[in-house]
Amino acid sequence: QVQLVESGGGLVQAGGSLRLSCAVSGHTFSNYAMGWFRQAPGKERELVGAIIWRGVNTLYAVSVLGRFTISRDNAKNTVYLQMNSLKPDDTAVYYCAAVEMLRWIPSLIQQSTLYKYWGQGTQVTVSS
């Protein structure tokens, strides 16, 4: 059974930091890319950033560039999203997801409909 389990969300003041984790199990994700998405109330789900499981390619939304960093620990089968300088606009439910991708294709990375596996989400709330 494939599982993606997010953790690390919570309430933080503006300017603070959080690190989200996504532990994956039940499948070999070496040929996948992992994405972090978020969805705020009344808004569409958007890609925050992505990383390919095998390699060094990453991609970030413009709104988080320079503040968020994606990394992975292959030994732990875990992907992280380090979020610094948080703003109230970052408030959302954050999801990790996996898409099969043998070759890094940024245009496909951003299409949420292509992602096959999703976590349950973790709430991030940034107070002003």
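The model shown is predicted, which means the values in this text are computed figures rather than measured ones.
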Would a distance-only check, ignoring hydrogens and angles, find a side-chain to backbone donor-acceptor pair under 3.5 Å from [X] to [Y]?
X    : Y    : answer
T122 : G9   : yes
T78  : K76  : yes
E6   : Q120 : yes

To the nearest 0.5 Å, tell me how far [X] [atom1] sits from [Y] [atom2].
X    : Y    : atom1 : atom2 : value
R103 : N57  : CZ    : CG    : 11.0 Å
M101 : L108 : CE    : CG    : 5.0 Å
W36  : Y95  : CH2   : OH    : 12.0 Å
L114 : K116 : CG    : NZ    : 12.5 Å
R67  : S85  : CZ    : OG    : 7.0 Å
R72  : C22  : CZ    : SG    : 13.5 Å

Nearest heavy atoms of P88 and A14, plus distance in Å |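 Answer, listing the atom of P88 first, then A14: CD-CB, 4.1 Å.
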
Heavy-atom closest contact (Y115 atom, G35 atom, distance) =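 Answer, listing the atom of Y115 first, then G35: CE2-N, 3.8 Å.
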
Please lay out, stage by stage, how L59 and W104 fare under the test side-chain contact (heavy atoms from CB on, under 4.5 Å).
-> CA-CA 10 Å; L59 180 150; W104 183 255; 3.7 Å; yes

In one Ile/Leu/Val/Met/Phe/Trp/Tyr side-chain cluster, 4.5 Å: V93, F68 |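 Cluster IDs for V93 and F68 differ.
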
Report yes or no: do L81 and V56 belong to one cluster of Ile/Leu/Val/Met/Phe/Trp/Tyr joined by side chain heavy-atom distances under 4.5 Å?
->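 No.
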
Output every pair passing salt bridge (Lys or Arg N to Asp or Glu O under 4.0 Å) with a member in residues 39-51, not counting sequence neighbours, ordered by first then second residue.
->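 Applying salt bridge (Lys or Arg N to Asp or Glu O under 4.0 Å) to every pair that reaches into residues 39-51, excluding sequence neighbours, yields R38-E46.
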
Ring pair (Phe, Tyr, Trp, His ring centres under 6.0 Å) with Y32: which residues, sequence neighbours excluded?
->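 Y32: ring pair (Phe, Tyr, Trp, His ring centres under 6.0 Å) contacts with H27, F29.
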
Before giving the answer on side-chain contact (heavy atoms from CB on, under 4.5 Å), spell out for V126 and L18 the whole-Å C-alpha distance, their side-chain angles and the decisive distance to 0.1 Å.
-> CA-CA 10 Å; V126 184; L18 283 174; over 6 Å; no

Any non-hydrogen side-chain atom of [X] less than 4.5 Å from a side-chain atom of [Y]?
X    : Y   : result
I109 : L47 : yes
M83  : D90 : no
Y80  : L20 : no
N74  : W53 : yes
M34  : V24 : yes

Is there a side-chain contact (heavy atoms from CB on, under 4.5 Å) between V2 and L4 once you walk through the steps?
-> CA-CA 7 Å; V2 177; L4 280 67; 3.9 Å; yes

Do S17 and N84 have side-chain N/O donor and acceptor atoms under 3.5 Å apart?
->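 Yes - a donor-acceptor pair under 3.5 Å links their side chains.
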
Test I70 against V79 for side-chain contact (heavy atoms from CB on, under 4.5 Å), laying out the working first.
-> CA-CA 7 Å; I70 291 177; V79 178; 4.1 Å; yes

For the pair F37 and W118, name the ring-plane relationship: parallel under 30°, tilted 30 to 60°, perpendicular over 60°.
->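 The arrangement is tilted - the two ring planes meet at 30° to 60°.
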
